[in-house]
Enquirer: 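Structure incoming, see below.
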Amino acid sequence: MTALFLSFILAHLLGDFLLQPTAWVKEKKKKKIKSKYLYYHGLLHLLLLLITTQFKSDYFLGILVIVLSHIGIDCAKLYFEKKKTAKLWFFADQLSHLLMIAIVVYCYFPYQIPFELLYSQQSLALITSLVLVTYVSAIVLKVLLSKWSAQITKPDTANTNNAGKYIGILERLFIFFFVVMNFWEGIGFLLAAKSIFRFGDLKESKDVRLTEYILIGTLLSFGLGILCAMLYRYLI
C-alpha cells in the first residue's frame, strides 16, 4: 500500500511541479479547456504514473481514474480561480488531487484511518500546544507589547499585511519543534539569524524605543515558544 501511494505521489509531484513549464500554466489560464497544454499535462501524468508503477496492468484502471480526475480538477480551478482567491485554489487543487490518490489507493488496499488517535493524550497535547504557540501567543504578545507598539507605529507602516504576526508564528513554531527534538542549539542559530536581519533596521532608525520593542518582543516570543514546548513535553 505504501509503495503504491508513494508511486502516485511521486508522479504527481513530478508532473505538477518539476516537469510543468510556466508557459503551459499561462496558456491554460488563458484558453482554459481549449488549451492543448491541459491535455498534454494529463498525458504527462499518465506517462509518469505508468513509469512509477512499472507499467503494472493491475493499476491501469486506477491510473486512468487519477488522470481523468486530475484534468477535471484542473478545469474547475481554471474556471473558478480569481486573482484574489489564487492561493486558496492552489491549496484546494492540490488537496483534491491528493484525496483522489488516497481514494484510488484505498480501492486497491483498503485501510482504516485511526481517528481514535486524534483523541489520545499525545495528540490532544500536541494540538493544544500548537494552538498556544501560534495564535494564542500572538494575541498575548500583542497585548503585552501594546504600550511600545503604540509609541513606534508610523502612518506609513500601519498596513503590513500582518507580516510580523506570521513571522512570529513561524519563529515560535521553529522554537517549539527545536525544544521537542531537544535541539537547543537551533534556538541559538534562530536568534543569531534574526539579529542579523534586524541589525539594519536598528542601525538606520537610531530609535531607542524601537530597539526596546524588538528586544522585548523577541525575548517574549522565544520565551512563549520554549514554555509551550516544555509544557508539551511534560504532558506526554
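Any value given below was found using the heavy atoms of this structure, including those in side chains, with hydrogens, waters and symmetry copies removed.
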Enquirer: If hydrophobic clusters are built by linking Ile, Leu, Val, Met, Phe, Trp and Tyr wherever their side-chain heavy atoms come under 4.5 Å apart, do Leu98 and Val65 end up in the same one?
Expert: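 Yes, Leu98 and Val65 fall within the same hydrophobic cluster.
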Enquirer: Shared ILVMFWY cluster between Tyr232 and Tyr135, side chains joined below 4.5 angstrom?
Expert: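 Linked within one cluster.
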Enquirer: Do Leu6 and Leu49 belong to the same hydrophobic cluster, where Ile, Leu, Val, Met, Phe, Trp and Tyr are linked whenever their side-chain heavy atoms lie under 4.5 Å apart, directly or via other members?
Expert: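 No.
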Enquirer: Only one of Ile73, Asp74, Val67 forms a side-chain contact (heavy atoms from CB on, under 4.5 Å) with His70, so which one is it?
Expert: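 Testing His70 for a side-chain contact (heavy atoms from CB on, under 4.5 Å) against Ile73, Asp74, Val67 leaves exactly one candidate, Asp74.
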Enquirer: Distance-only, no hydrogens or angles: does the Tyr39 side chain make a donor-acceptor pair with backbone N or O of Ile33 under 3.5 Å?
Expert: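 Checked: pair present.
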Enquirer: Given the rule that I, L, V, M, F, W and Y join up when any side-chain heavy atoms are under 4.5 Å apart, are Leu219 and Leu132 in one cluster?
Expert: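 Not linked; separate clusters.
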Enquirer: Are the side chains of Thr53 and Phe8 in touch, meaning some heavy atoms are under 4.5 Å apart?
Expert: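 SC-SC contact between Thr53 and Phe8 confirmed.
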Enquirer: Looking only at atom types and distance, does a side-chain atom of Gln121 sit under 3.5 Å from a main-chain N or O of Leu235, one as donor and one as acceptor?
Expert: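 A pair under 3.5 Å: yes.
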Enquirer: From Ser137 OG over to Leu173 CG, what is the distance, rounded to the nearest 0.5 angstrom?
Expert: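 Rounded to the nearest 0.5 Å, the OG-CG separation comes out at 9.5 Å.
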Enquirer: CZ of Phe5 to CE of Met1: how many Å apart, nearest 0.5 Å?
Expert: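 CE of Met1 is found 8.5 Å from CZ of Phe5.
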Enquirer: Report, as yes or no, whether the 6.0 Å neighbourhood of atom CZ on Phe189 holds more than 12 heavy atoms from other residues, nucleotides or ligands.
Expert: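 Check fails, neighbour count at 12 or below.
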Enquirer: Is it the case that the side chain of Gln20 and the backbone of Asp16 share a donor-acceptor pair, with hydrogens and angles ignored and the cut-off at 3.5 Å?
Expert: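 Flag set: sc Gln20 to bb Asp16 pair under 3.5 Å.
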Enquirer: Look only at the side chain of Tyr106 and the backbone of Ile101, and say whether a donor-acceptor pair between them is shorter than 3.5 Å.
Expert: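 No.
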Enquirer: Please say whether more than 12 non-hydrogen atoms of neighbouring residues, nucleotides or ligands are located less than 6.0 Å from OH in Tyr234.
Expert: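 Counting other residues, nucleotides and ligands, OH of Tyr234 stays at 12 neighbours or fewer.
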Enquirer: How long is the straight-line distance from CG of Leu43 back to CD1 of Ile71, given to the nearest 0.5 Å?
Expert: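 Result: 7.0 Å between the selected atoms.
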Enquirer: Enter the distance from Phe80:CZ to Cys75:SG here, rounded to the nearest 0.5 Å.
Expert: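 If we round to the nearest 0.5 Å, Phe80:CZ and Cys75:SG are 10.5 Å apart.
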Enquirer: Without swapping roles, check the side chain of Thr128 against the backbone of Ala125 for a donor-acceptor pair under 3.5 Å.
Expert: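 Flag not set: sc Thr128 to bb Ala125 has no pair under 3.5 Å.
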Enquirer: For the residue pair Lys165 and Ala138, what are the closest heavy atoms and their distance?
Expert: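 What the structure gives for the nearest pair is CG-CB, 4.4 Å.
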Enquirer: Using distance alone, with no hydrogens and no angle criterion, decide if Gln94 and Lys77 have a side-chain donor and acceptor under 3.5 Å apart.
Expert: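 Checked: Gln94/Lys77 side chains show no N/O donor-acceptor pair below 3.5 Å.
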Enquirer: With a 4.5 Å limit on heavy-atom distance, are the side chains of Ile63 and Lys56 in contact?
Expert: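 The answer is no; the side chains never approach within 4.5 Å.
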Enquirer: Name the orientation class of the two ring planes belonging to Phe17 and Phe90 (parallel below 30°, tilted from 30 to 60°, perpendicular beyond 60°).
Expert: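 Answer is perpendicular, since the angle exceeds 60°.
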Enquirer: Which heavy atom in Phe174 sits nearest to a heavy atom in Leu190, and how many Å separate them?
Expert: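 For Phe174 versus Leu190, the nearest heavy atoms are CB-CD2, 4.0 Å.
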Enquirer: How many angstroms lie between atom CG of Leu144 and atom CG of Leu224, to the nearest 0.5 angstrom?
Expert: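 Reported value, rounded in 0.5 Å steps: 7.5 Å.
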Enquirer: How long is the span from the CG atom in Leu130 to the CZ atom in Phe176, to the nearest 0.5 Å?
Expert: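 That separation rounds to 5.0 Å.
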Enquirer: Taking it one step at a time, do Trp184 and Ile226 satisfy side-chain contact (heavy atoms from CB on, under 4.5 Å)?
Expert: CA-CA 10 Å; Trp184 291 87; Ile226 294 172; 4.1 Å; yes
Enquirer: Hydrophobic clusters here meaning ILVMFWY residues chained together by side-chain heavy-atom distances under 4.5 Å, can you tell me if Phe55 and Ile66 are in one?
Expert: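 In one cluster with Phe55: Ile66, yes.
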Enquirer: Could you label the plane-to-plane angle of the Tyr40 and Trp24 rings as parallel, tilted or perpendicular, counting under 30° as parallel and over 60° as perpendicular?
Expert: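 Answer is tilted, since the angle falls between 30° and 60°.
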Enquirer: For Ala11, is there any backbone N or O sitting under 3.5 Å from a side-chain donor or acceptor partner on Thr52?
Expert: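 Judged by distance alone, no pair lies under 3.5 Å.
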Enquirer: Taking all atoms of both residues into account, what is the closest heavy-atom pair of Gly225 and Val133, and its distance?
Expert: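 Heavy atoms of Gly225 and Val133 come nearest at CA-CG2, 3.8 Å.
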Enquirer: Do the side chain of Lys32 and the main chain of Lys29 share a donor and acceptor less than 3.5 angstrom apart?
Expert: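 Yes; at least one donor-acceptor contact below 3.5 Å.
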Enquirer: Taking the inter-plane angle between the rings of Tyr59 and Tyr108 on a 0 to 90° scale, is it parallel (under 30°), tilted (30 to 60°) or perpendicular (over 60°)?
Expert: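 Plane angle over 60°, so perpendicular.
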Enquirer: Kindly indicate, with the supporting measurements, whether the criterion side-chain hydrogen bond (donor to acceptor under 3.5 Å, both in side chains) is fulfilled by Ser221 and Glu171.
Expert: CA-CA 8 Å; Ser221 182; Glu171 172 185 285; 2.6 Å; yes
Enquirer: Identify the heavy atoms of Trp89 and Glu81 that sit nearest to each other, and give their distance.
Expert: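 Minimum heavy-atom separation between Trp89 and Glu81: CD1-CA, 3.7 Å.
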Enquirer: Spell out, as yes or no, whether a donor-acceptor pair under 3.5 Å connects the side chain of Arg233 to the backbone of Val180.
Expert: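 Not a single qualifying donor-acceptor pair exists.
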Enquirer: Do the side chain of Ser35 and the main chain of Lys31 share a donor and acceptor less than 3.5 angstrom apart?
Expert: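 Not a single qualifying donor-acceptor pair exists.
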Enquirer: Kindly determine whether Thr2 and Phe109 satisfy side-chain contact (heavy atoms from CB on, under 4.5 Å), including the steps that lead there.
Expert: CA-CA 9 Å; Thr2 304; Phe109 301 99; over 6 Å; no
Enquirer: Ignoring hydrogens and geometry, is there a side-chain-to-backbone donor-acceptor pair from Thr85 to Lys82 under 3.5 Å?
Expert: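 Answer holds: yes.
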